[in-house]
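Below: the structure, in structure tokens.
In what follows, every heavy atom counts, from backbone to side chain, and hydrogens, waters and symmetry copies are set aside.
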Amino acid sequence: MAEEKLFGGGQGEKLDQAQLALELGELAKVTPPTVPPMTISYEREALRPEPRTAPAASFAHLPVQETIVVEPAEVQAEPKAFDRIGEERTFEIDVVPPRLFKREI
């Protein structure tokens, strides 16, 4: 009695001899003894991440196609009354097939 079909005549559930032994408490006699676990160790060097380049450095070689200066209306009306104390620059990268350029603001 190798295997018995429990439900239906197709590829249904089958009863195995090991399941019967489990029910009878004889599974320890059927299964081979377990092998003791082995300890495996190894060493490897930790990977150092590559330093990231700043976007300004990555796109520094691109030509500037358009420069936009943002000034308030008061400064445009009377530029001599104001002193420039600093400036902030940023850029956008535009792709125009097949050209790549930057717009400096």
Open item on the list: So, using side-chain contact (heavy atoms from CB on, under 4.5 Å) as the criterion, who are the partners of Glu74 when residues are at least two apart?
Closed with: Pro72, Phe82
Task: Val95 with Phe91, same ILVMFWY side-chain cluster at under 4.5 Å - done: yes
TODO: Could you check if a side-chain atom of Asp94 sits within less than 4.5 angstrom of a side-chain atom of Arg103, using non-hydrogen atoms only?
DONE: yes
Open item on the list: Within the 4.5 Å heavy-atom criterion, are Glu71 and Arg84 side-chain neighbours or not?
Closed with: yes
- [ ] Could you tell me which residues satisfy side-chain hydrogen bond (donor to acceptor under 3.5 Å, both in side chains) with Arg89, sequence neighbours excluded, listed by chain and number?
- [x] Glu87, Glu104
- [ ] State the OG1-CD1 distance between Thr90 and Ile68, to the nearest 0.5 angstrom.
- [x] 11.0 Å
Open item on the list: With a sphere of 6.0 Å drawn around CD of Gln76, does it hold more than 12 non-hydrogen atoms of other residues, nucleotides or ligands?
Closed with: yes
Open item on the list: Can you confirm if the NZ or CZ of Lys102 lies within 45° of the ring axis of Phe59 and under 6.0 Å from the centre of its six-membered ring?
Closed with: no
